[in-house]
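Proteins get letters first, then strands, A, B, ... in listed order; numbering begins at 1 in each.
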Amino acid sequence: MSGSSQRLEKRFAKLKSEGRAGLITFTTAGDPDADTAQKILNGLSAAGADIIELGMPFSDPMADGPAIQLAGLRALKNGMTLSKTLDMVTQFRQLDEQTPIVLMGYYNPIHYYGNQRFLDDAIGAGVDGLIIVDLPPEEDDELCHPCLTAGLNWIRLTTPTSDQKRLAIILKNSSGFIYHVSIAGITGTRSAQQSEVNTALNRIRSQTSLPIAVGFGIKTKQQVREISSIADAAVVGSALIDVIAKGLEQNLQSDQIVNNLHEFVTELASGTNPETY
Amino acid sequence: MTNVSKNLMDNLEPESFRSGPDDSGHFGIFGGRFVAETLMPLILDLETTYNKYRNDADFLEELDYYARDYVGRPSPLYFAEHLTQELGGAKVYFKRDELNHTGAHKINNTLGQILLAKRMGKRRIIAETGAGQHGVATATVCALFDLPCVVYMGETDIKRQAPNVFRMKLLGAEVIPVASGTATLKDAMNEALRDWVSNVEDTFYIIGTVAGPHPYPQMVRDFQCVIGREARQQILEKENRLPDILLACIGGGSNAIGLFHPFLDDETVSLIGVEAAGHGIDTGKHAASLSGGQPGVLHGNRTYLLQNNDGQICDAHSISAGLDYPGIGPEHSWLHEIGRVQYVSVTDQEALDAFQLCCRTEGIIPALEPAHALAQVAKIAPTMSQDKIIVMNLCGRGDKDVFTVAEALGVKL
């Protein structure tokens with residue numbers, strides 16, 4: 001593995017030594033505009049994000065609910081591209097060498113950009129891993145194998161439809177961490193019962209020693225706290241995007257939106273700390 | 001055995017153009033299974049089920065029964081004599097799938113899929129629709145088999161296809177307007193996929209064209225091949241030989257592949273697919289994925305797509321809602337690249353002209369979709385000698401389009 005991919009390992013080791021779960025934030029690159037998005041990104045780790053997921057906007061995000069759909073459309077309307085998304089990471093890396101960044105999105109923009117060129121540029125920018133929603137194990141020859149060969153982490157989603165047999169297939173070429181999608185559904189909608197999540201996590205843990213993050217439907221500090229007690233990290237996305245959408249609705253200045261979002265991240269992050277349980 | 005079932009059981013030569021897809025659902029580099037993990041177990045299950053039933057005698061018998069007694073198959077192969085005279089060249093035949101129950105070829109596929117859904121114990125049906133023909137065909141079979149039906153339809157399409165929206169509602173379907181993106185077929189498909197991801201336990205997704213993840217492109221094609229198989233038998237009966245050219249319009253491409261597929265290995269038969277050029281390929285306002293797009297990945301498969309230089313999917317444009325899709329079935333992309341099928345495009349205006357030509361010469365109001373195919377017929381038939389034969393798929397009737405056509409012609413209804 002190359003240097004870039006060790007950030008995730010180190011971060012999960014650090015979390016373990018601190019005896020707490022991590023907070024993973026998801027925001028969309030370029031939402032609501034390039035400058036604001038960069039300011040949001042630059043301040044996320046100081047606000048309390050342990051790992052950063054940065055969404056690569058796509059015109060047809062089939063697995064996303066309305067909040068993230070709209071975030072992507074705002075970003076695209078304001079000129080965001082895959083290339084500019086990578087530039088955002090490059091800029092962030094000049095300020096922060098430790099916090100892992102994972103790019104999340106759909107395959108087509110990468111396919112168009114060119115798979116190898118994308119992997120080279122992503123590593124150059126300081127990306128640590130990829131989550132590509134529409135590339136299941138059946139299509140591993142496309143990007144998963146080249147990605148792992150290049151030394152980037154390939155992070156896969158497990159879902160409530162992943163039975164024992166399917167899990168083995170999913171876990172085979174997974175690295176970095178496992179992202180457990182807690183509901184059968186799209187982002188930013190309903191939330192799972194903790195008992196269901198727990199059952200699923202036990203099943204996954206019996207087959208892998210990789211850290212497990214849980215996402216979809218986690219919107220509050222309380223939910224972060226609940227997930228923190230059973231998983232290695234909690235992912236919050238749509239609820240953060242909602243802060244941006246609300247700020248835009250209220251015609252807030254860019255800096256105010258950035259502040260509001262970071263404050264919310266700090267609040268969510270306090271849910272990962274056992275002393276506040 | 002009747003025509004419906006025969007195609008599903010054909011034995012193929014190893015070098016056949018008809019042997020695709022491979023085990024992983026690819027036609028050459030096209031096709032595949034590019035879906036979210038949540039859906040993977042479902043489409044693998046569907047593939048297993050489809051493979052089990054595609055050669056099952058009871059399944060095929062039931063499909064035959066409904067195709068014959070409910071849909072009205074076989075559809076006639078009609079010699080369009082007056083059109084032929086008007087064009088003054090090759091003999092033009094219409095494969096009249098517009099005479100099917102519900103007025104288009106779409107029901108060939110929805111019947112097949114709902115019979116599978118029943119066997120899989122699914123209790124809820126979802127579908128996407130553009131022109132509304134697939135939505136109506138899905139709502140129809142849901143009424144027939146008493147299953148709840150939810151149809152996703154773009155708001156833009158709802159406006160221009162009001163009669164079909166009302167039809168779906170009469171048939172008991174819930175029509176959910178889709179406002180996201182461009183509010184047309186691709187967005188309806190996104191929304192149907194979101195529904196499916198959220199309702200994995202009991203829901204069967206009836207995709208209307210030869211797109212989506214494997215096994216849909218294969219399955220929908222197999223159900224539509226009844227068109228070509230009948231046409232082949234009928235033209236042999238009427239002319240004692242195979243046609244020189246087969247011609248069909250292409251949105252996703254299900255009616256075209258249904259006509260073409262049984263003829264793919266007949267070297268003497270030329271195949272022409274007609275995409276919608278909208279205002280013209282050069283204007284950027286069109287729906288011609290092969291003529292004006294590049295390979296990409298959308299809605300579960302790799303195929304030619306309309307996209308910008310960042311890999312974002314572009315809006316398609318066509319006067320015909322049924323062709324207004326920025327992609328095309330993966331098998332067509334493959335047939336395009338290997339050169340077995342020639343793909344051309346026809347503008348809104350050419351389609352409108354052909355629409356009126358068909359009304360005037362044959363007393364048939366065609367849908368705007370096959371009017372595109374007819375426009376191409378009108379271009380090439382006059383250049384061919386009178387002993388040549390063209391078979392065109394008249395895949396839908398035009399009742400649904402009269403408002404659109406009136407508006408385009410400046411007539412107030």
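Residue contact with chain B, scored on non-hydrogen atoms closer than 4.5 Å, involves the side chain of A:Ile170 exclusively. Only the side chain of B:His26 comes within less than 4.5 Å of a heavy atom of chain A; its backbone N, CA, C and O stay farther away. There is no contact between A:Asp163 and chain B, counting heavy-atom distances below 4.5 Å. Both the backbone and the side chain of A:Pro61 come within less than 4.5 Å of a heavy atom in chain B. Looking at A:Leu76, only its side chain comes within 4.5 Å of chain B, counting heavy atoms on both sides. Contact annotation for A:Tyr107: only side-chain heavy atoms (C-beta onward) come within less than 4.5 Å of a heavy atom of chain B.
The neighbour count for A:Gln193 CD, taken as heavy atoms of other residues, nucleotides or ligands under 6.0 Å away, does not exceed 12. Atom CD of A:Gln116 is surrounded by more than 12 heavy atoms from other residues, nucleotides or ligands within 6.0 Å. Within a 6.0 Å sphere centred on CG of B:Asp23, other residues, nucleotides and ligands contribute 12 heavy atoms or fewer. Within 6.0 Å of NZ in B:Lys122 there are more than 12 heavy atoms belonging to other residues, nucleotides or ligands.
Here the shortest heavy-atom pairing between B:Lys186 and A:Ser59 reads NZ-O, 4.3 Å. B:Gln312 and A:Pro57 make their closest contact through NE2-O, 3.1 Å (heavy atoms, listed as atom of the first residue, atom of the second, distance). Contact record, A:Gly185 with B:Ser198: CA-OG, 3.6 Å, taken as the closest heavy-atom pair. Of all the heavy atoms in A:Pro137 and B:Glu37, the pair that sits closest is CD-OE1, 3.4 Å. Pairing each heavy atom of A:Asp64 with each of B:Arg194, the nearest pair is O-NE, 2.9 Å.
Annotation: side chain of B:Leu44 is in contact with side chain of A:Glu138 (closest heavy-atom distance under 4.5 Å).
A:Tyr179 meets the ring-ring contact (aromatic ring centres under 6.0 Å, His included) test with no other residue; sequence neighbours excluded.
By number of non-hydrogen pairs under 4.5 angstrom with chain B, the leading residue of A:Leu82, A:Val133, A:Thr159, A:Asn108 is A:Asn108. By number of non-hydrogen pairs under 4.5 angstrom with chain B, the leading residue of A:Lys165, A:Arg166, A:Arg190, A:Met80 is A:Arg166. Contact count against chain B (heavy-atom pairs under 4.5 Å) is highest for A:Asp134 among A:Asp134, A:Ile110, A:Ile132. Options B:Gly311, B:Gly32, B:Cys314, B:Pro295 differ in how many heavy-atom pairs under 4.5 Å they form with chain A, and the most are formed by B:Gly311.
A:Thr81 contributes no side-chain N or O that, together with a main-chain N or O of B:Asp310, makes up a donor-acceptor pair within less than 3.5 Å.
Put simply, OG on B:Ser180 and CG on A:Leu73 are 8.0 Å apart, with the number rounded to the nearest 0.5 Å. The structure places NE2 of A:His111 at 6.5 Å from CZ of B:Phe34, a figure rounded to the nearest 0.5 Å. In this structure, CG in B:Leu298 is found 5.5 Å from CE in A:Met62, a value given to the nearest 0.5 Å. With rounding to the nearest 0.5 Å, the separation of CG in B:Asp187 from CG in A:Asp60 is 6.5 Å.
For a heavy-atom cut-off of 4.5 Å, chain A lies close to B:His299, B:Arg302, B:Leu305, B:Gln307, B:Asn308, B:Asn309 in residues 299-309 of chain B.
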